[in-house]
Amino acid sequence: MKSIVVLISGGGTNLQAVIDEIHNTDEPGQISAVISNKADAYGLQRAQQADIATHVFTFQKGGSREAFDREIMNQIDEYKPDLVVLAGYMRILSPEFVNHYMGRMINIHPSLLPEFKGLHTHQRALDAKVPYHGASVHFVTPELDDGPVIIQGKVPVEASDTAESLQKKVHVQEHVIYPTAIKWFCHDRLCMLDGKAYLDNKELDSAGNPIST
Ligand code: GAR
C-alpha cells in the first residue's frame, strides 16, 4: 500500500477525485494526510469528511521560503510518503524541497505543457487562439512547471469559450488524468529516471505518450 500526502491551497476538486478514485477504493494507495497553506481551503473539509488527517501551515509575510518549506517537509515525512501529490498547491517550492522529493512528487498544471507555464493559463490560451487546451500531470523538477510529462488531457477551444468555461472543461479532464497517473504510480508502473518519465518501462515523450522504439 502506497502512502500519499496531498498538498492543496484551495477548493480541492482534484483531491476529491483522488479520494473517490483511489483512497475510498481497493487501489493500493491511501492518502495519509492533506496539507494546506491556506486555513480556509475548502479541500480541508473534503479531507476531514473522508477521515484524512489535515495540517495547515501559513506562510508569514517576511519569513523565509526555505524555513517554511522545511517545516512542511518535516510534517510530510512523518507520514513516510511514497508519493507527494500537488493538487492546486499555489506556492513556488524551494530547491531543497523539490530535490528531497525528486521522482516521488507530481503536479497537475492547467495547460498542455510546455505551453502556458505559470498562472492565468485559460485566459492566455484564449488570447493565443490555440485550437486545443488542457491539463498536464508531470513529475516535479526544480524548474517551474517543467518536469517530465506523464499524461495530458485535451479539450477543444470553441469560439464561445471564456476563461471560466475553459476552466470547467479542463477540470473535467484533470479529474480523470490525475487519478490515472496516481494509480500507475501505486501499481509501480510509473517512475522518473534521469529526468525522464517511464510508464511500463517505456519512455514517455513531451506529451506523455510512449516513445516507440
Ligand atoms: C487545478 O486546475 C490545477 O490544475 C491548478 O489549480 C487548480 C486546483 O483546483 N494548479 C495550478 O495552477 C498549479 N500551478 P482544485 O483545488 O479544485 O483541485
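One-based numbering, in listed order, for ligands and for the atoms of each.
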Centres of the Tyr79 and His55 rings: under 6.0 Å? yes
Identify the closest protein heavy atom to atom 6 (O) of ligand 1: which residue and atom is it, and at what distance? Gly88 CA, 3.6 Å
Looking only at distance, does [X] have an N or O less than 3.5 Å from an N or O of ligand 1?
X      : result
Tyr89  : no
Asp145 : no
Gly12  : yes
Asn107 : no

Atom pair CD1/OH of Ile72 and Tyr89 - distance to nearest 0.5 Å: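 Going from CD1 on Ile72 over to OH on Tyr89, the span is 3.5 Å.
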Does a sphere of radius 6.0 Å around NE2 in His187 hold more than 12 heavy atoms from other residues, nucleotides or ligands, not counting ones at 6.0 Å or beyond? yes
Contact region, Gln167 to ligand 1, non-hydrogen atoms below 4.0 Å, reads neither
Return yes when Ile8 approaches ligand 1 closer than 4.0 angstrom through a heavy atom, no otherwise. no
Run the numbers on His109 and His138 for ring pair (Phe, Tyr, Trp, His ring centres under 6.0 Å), then give the verdict. CA-CA 8 Å; His109 181 77; His138 64 96; 7.1 Å; no
Nearest heavy-atom neighbours spanning Thr141 and Asp146: OG1-C, 3.9 Å
